[in-house]
Amino acid sequence: MERSVSEKIQKIKQKMGDSLTILAHHYQRDEIVQHADFVGDSLELARKISSLNARYIIMCGVYFMAESSAILAKEDQKVFIPVAEAGCTLADLAPGEMVEIVLQRLNQERKIIPIAYVNTSAKVKAICAKFGGSVCTSANSTTMLKWAITQGDGVLFLPDKNLGINTARSIGIDEQKVCDMSDKIFEQDYVLYLWPGLCDVHLGFRTEHIINMRKSHPKAKIIVHPECPPEIVEVSDEWGSTSKIINYIDQIDTGSEVIVGTEINLVNRLKNIHYPDKIIYPLSNSKCKYMEMIGEKQLLTLLENLEKQDPVYIDPETKKLAKLAINRMLDICAK
Ligand code: 13P
Ligand code: SF4
């Protein structure tokens, strides 16, 4: 009898044993998550790499996550992604050349420290290292922004404007000192410059959704991801990374109601598989089309052709600098 795709994946995993590790981001589909050795948010996935000894690491997530894994992996490890075209809107909105030009201009008379959300290319991470900056994830953006502010005259936060505003508000940065990149950024001194990038998945959450959900479920708490617009975060009860959202749901009592504003694959899994004893409502059905590109078929094709596939490649100079930027974050957040 012909084996199913799932069985074929399991068979290869068994055969490869410790030489293979499959990582997956929380937004991956259930059919992928079931095969993962470790599932996490961007920070947890980055932290995990140094503890892995597998020769082959497969990142089921988007391309910047595979790049981060390749940056942090050991020399003899190879990192693969089942679909190299699985990009990220935010990463695409911050081309390296443009980031470098803006940083050069901003740094003519002042010292402006860049903090790049990990949803950026390896090249952008490398540029941030060159300018004395680092990276952050949605789980540590407050720590990293606080750190960056002490390192110079101001900070360029990129590419997610919403994460930048939400983080700045949470640490009380005076909004008069925040400059949207569409303003006259080179004419006045600001403390925080925000790159105009946005994630279309989280832009899909609107104030009407909150109003309607609050009306129909008055007892429910609302938790959202910080890539959501500030007006959504402001009227929610909590905000945080995908892992913080999971921990929040884990902690609430059985039977409690919670409305969750993040990617639908994760919300549905929490609702149907992990916490059927809690009442979970999606704020809306926003789906990440890039995460969605990876399914069991793509994973199997990669596994069956691993030796013939090109691992994720980053040129040595970019890799060295990008690693410096990521390690700065890991060190600062380990303190
Ligand atoms: P987390 O780091 O919170 O998992 O978020 C990654 C991401 O891309 C959210 O859109
Ligand atoms: Fe990028 Fe948005 Fe998808 Fe996250 S949800 S990977 S930020 S496009």
Side-chain angles (χ1 to χ4, degrees), residues 23-29 32-33 36 38-49 59-69 72 81-95 115-121 124-125 135-144 157-164 166-167 170 195-205 223-229 232-233 236 238-249 260-270 282-294 326 329-330 333:
L23 303 175
H25 184 264
H26 289 305
Y27 289 168
Q28 288 287 296
R29 304 190 219 171
I32 289 296
V33 167
F38 180 79
V39 186
D41 69 8
S42 307
L43 181 61
E44 292 167 333
L45 290 167
R47 278 192 177 134
K48 188 75 189 166
I49 301 295
M59 169 56 78
C60 296
V62 290
Y63 198 75
F64 76 81
M65 294 176 180
E67 275 193 334
S68 296
S69 306
L72 296 170
I81 179 164
V83 180
E85 294 73 27
C88 166
T89 314
L90 282 172
D92 290 349
L93 288 171
I115 289 291
Y117 190 24
V118 282
N119 299 36
T120 42
S121 65
V124 167
K125 293 179 175 83
V135 297
C136 77
T137 74
S138 57
N140 62 20
S141 57
T142 48
T143 308
M144 292 310 297
F157 190 94
L158 70 150
D160 189 9
K161 186 174 156 187
N162 284 343
L163 179 64
N166 291 324
T167 306
S170 76
W195 195 266
L198 294 166
C199 159
D200 43 2
V201 177
H202 291 85
L203 269 190
F205 298 105
I223 183 162
V224 299
H225 195 277
E227 286 172 19
C228 288
I232 298 291
V233 171
S236 298
E238 273 292 345
W239 60 275
S241 71
T242 50
S243 288
K244 180 164 174 189
I245 293 175
I246 298 169
N247 291 337
Y248 179 85
I249 296 173
V260 184
T262 196
E263 210 268 351
I264 195 69
N265 273 320
L266 172 59
V267 184
N268 281 341
R269 184 157 56 250
L270 295 173
L283 186 55
S284 96
N285 287 328
S286 262
K287 186 172 266 196
C288 177
K289 65 176 189 246
Y290 298 111
M291 292 280 181
E292 194 68 8
M293 285 180 176
I294 300 176
I326 299 178
M329 167 188 78
L330 295 174
C333 294

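Every number for a ligand or one of its atoms is a count from 1 in the order of the listing. Starting from 1, each residue takes its place in the sequence as its number.
Within the 4.5 Å cutoff, no side-chain heavy atoms of I223 are placed close to those of S236. Residues Y290 and D92 meet the side-chain proximity criterion, which asks for heavy atoms closer than 4.5 Å. Here the side chains of E263 and T242 are not in contact, with every heavy-atom distance at 4.5 Å or above. A 4.5 Å side-chain heavy-atom check between I246 and L270 finds at least one atom pair inside the cut-off. Two residues are said to be in side-chain contact when any heavy atoms from C-beta on lie closer than 4.5 Å; H25 and V62 fail this criterion. For the pair K244 and S138, the minimum side-chain heavy-atom distance is 4.5 Å or more.
Under the side chain to side chain contact (heavy atoms under 4.5 Å, CB included) criterion, T137 pairs with S42, L43, V118, A139, N140, M329, sequence neighbours left out. R29 meets the side-chain hydrogen bond (donor to acceptor under 3.5 Å, both in side chains) test with no other residue; sequence neighbours excluded.
Residues H26 and S243 have side chains that bring a donor and an acceptor to within less than 3.5 angstrom of each other.
Enumerated by chain and number, the residues approaching ligand 1 to less than 4.0 Å through a heavy atom are H25, Y27, D41, S42, Y117, N119, S138, H202, H225, E227, S241, T242.
Only one option out of I232, V224, T262, N162 pairs with H202 in a side chain to side chain contact (heavy atoms under 4.5 Å, CB included); it is T262.
Distances below 4.0 Å separate heavy atoms of Y27 from the following atoms of ligand 2: 5 (S).
Note on atom 2 (Fe) of ligand 2: protein N/O/S atoms under 2.8 Å are C199 SG.
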